[in-house]
Amino acid sequence: MEKTLDQVEVKHSVKVLKVGGEGRIRHHLFDLGVTPGVEIYVRKVAPLGDPIEVTIRGYELSLRKSEAQLISVTEGK
């Protein structure tokens with residue numbers, strides 16, 4: 001089931017299907033290691049939903065909700 005990263009529940013792992021956005025924001029996400037096929041574990045979500053803390057490629061990363069909405073993911077590995 002495809003959804004965006006901001007819709008994933010805490011303590012769940014997902015696999016990136018595609019990265020949306022254009023220009024600088026898309027390149028920024030790629031630079032952070034968010035690429036199709038990579039696994040992301042959602043560690044924490046702030047009370048108001050922003051930011052979202054994830055583990056990706058062995059390091060911890062905080063993403064804005066607006067950035068997480070650009071990342072299409074699927075459950076499982």
Side-chain angles (χ1 to χ4, degrees):
M1 179 170 152
E2 187 176 332
K3 53 186 161 184
T4 57
L5 185 58
D6 65 304
Q7 298 170 325
V8 177
E9 294 180 29
V10 174
K11 298 185 181 177
H12 281 83
S13 291
V14 292
K15 184 177 178 181
V16 175
L17 293 175
K18 61 184 174 183
V19 179
E22 296 180 3
R24 293 170 69 177
I25 186 67
R26 187 164 194 227
H27 288 286
H28 177 67
L29 292 170
F30 283 146
D31 289 344
L32 293 173
V34 181
T35 57
V38 73
E39 186 176 319
I40 297 178
Y41 175 74
V42 179
R43 298 183 63 239
K44 289 189 223 177
V45 177
L48 298 177
D50 197 11
I52 299 168
E53 285 188 25
V54 300
T55 300
I56 180 171
R57 299 184 186 269
Y59 70 94
E60 295 170 10
L61 176 65
S62 290
L63 294 169
R64 294 181 185 103
K65 187 173 183 177
S66 61
E67 294 170 330
Q69 291 171 335
L70 299 173
I71 304 167
S72 296
V73 298
T74 187
E75 296 286 335
K77 297 181 180 185

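None of the values given here were measured: they were computed from a predicted structure.
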### Residues which pass side chain to side chain donor-acceptor pair (under 3.5 Å) with Lys18, listed by chain and number, not counting sequence neighbours
none
### Message
Could you report the tightest heavy-atom contact between Val19 and Val34, atom names first, then the distance?
### Response
CG2-O, 3.5 Å
#### Entry: Test side chain to side chain contact (heavy atoms under 4.5 Å, CB included) applied to Val45 - qualifying residues, sequence neighbours left out
Val10, Val42, Ile52
#### Entry: Closest non-hydrogen atom pair between Gln69 and Thr4, with its separation
O-CG2, 3.3 Å
### Task
Take Thr74 and Glu2, measure what side chain to side chain contact (heavy atoms under 4.5 Å, CB included) needs, and give me the verdict at the end.
CA-CA 5 Å; Thr74 187; Glu2 187 176 332; 5.6 Å; no
### Query
Does a salt bridge link Lys15 with Glu75, judged by any charged N lying under 4.0 Å from a carboxylate O?
no
### Query
For His27, which residues count as a side chain to side chain contact (heavy atoms under 4.5 Å, CB included) partner, sequence neighbours excluded?
none
#### Entry: Same apolar cluster (I L V M F W Y, side chains within < 4.5 Å links), Leu63/Leu17
no
### Query
CD1/Ile40 to CD1/Ile71 distance, rounded to the nearest 0.5 angstrom?
5.0 Å
### Query
Would you say the side chain of Val8 lies within less than 4.5 Å of the side chain of Val73, judging by non-hydrogen atoms?
yes
### Query
According to the side-chain hydrogen bond (donor to acceptor under 3.5 Å, both in side chains) rule, which pairs have a member within residues 41-55, sequence neighbours left out?
Arg43-Glu53, Arg43-Glu60
### Task
Just grab all the salt bridge (Lys or Arg N to Asp or Glu O under 4.0 Å) pairs involving residues 20-33, residues at least two apart or on different chains.
none
### Query
With sequence neighbours left out, what residues match Leu70 under side chain to side chain contact (heavy atoms under 4.5 Å, CB included)?
Ile25, Leu29
### Message
For Val14 and Leu5: C-alpha separation, side-chain torsions, deciding distance, then whether side chain to side chain contact (heavy atoms under 4.5 Å, CB included) applies.
### Response
CA-CA 8 Å; Val14 292; Leu5 185 58; 4.0 Å; yes
### Task
Only counting residues at least two apart or in another chain, list the ones meeting side chain to side chain donor-acceptor pair (under 3.5 Å) with Ser62.
none
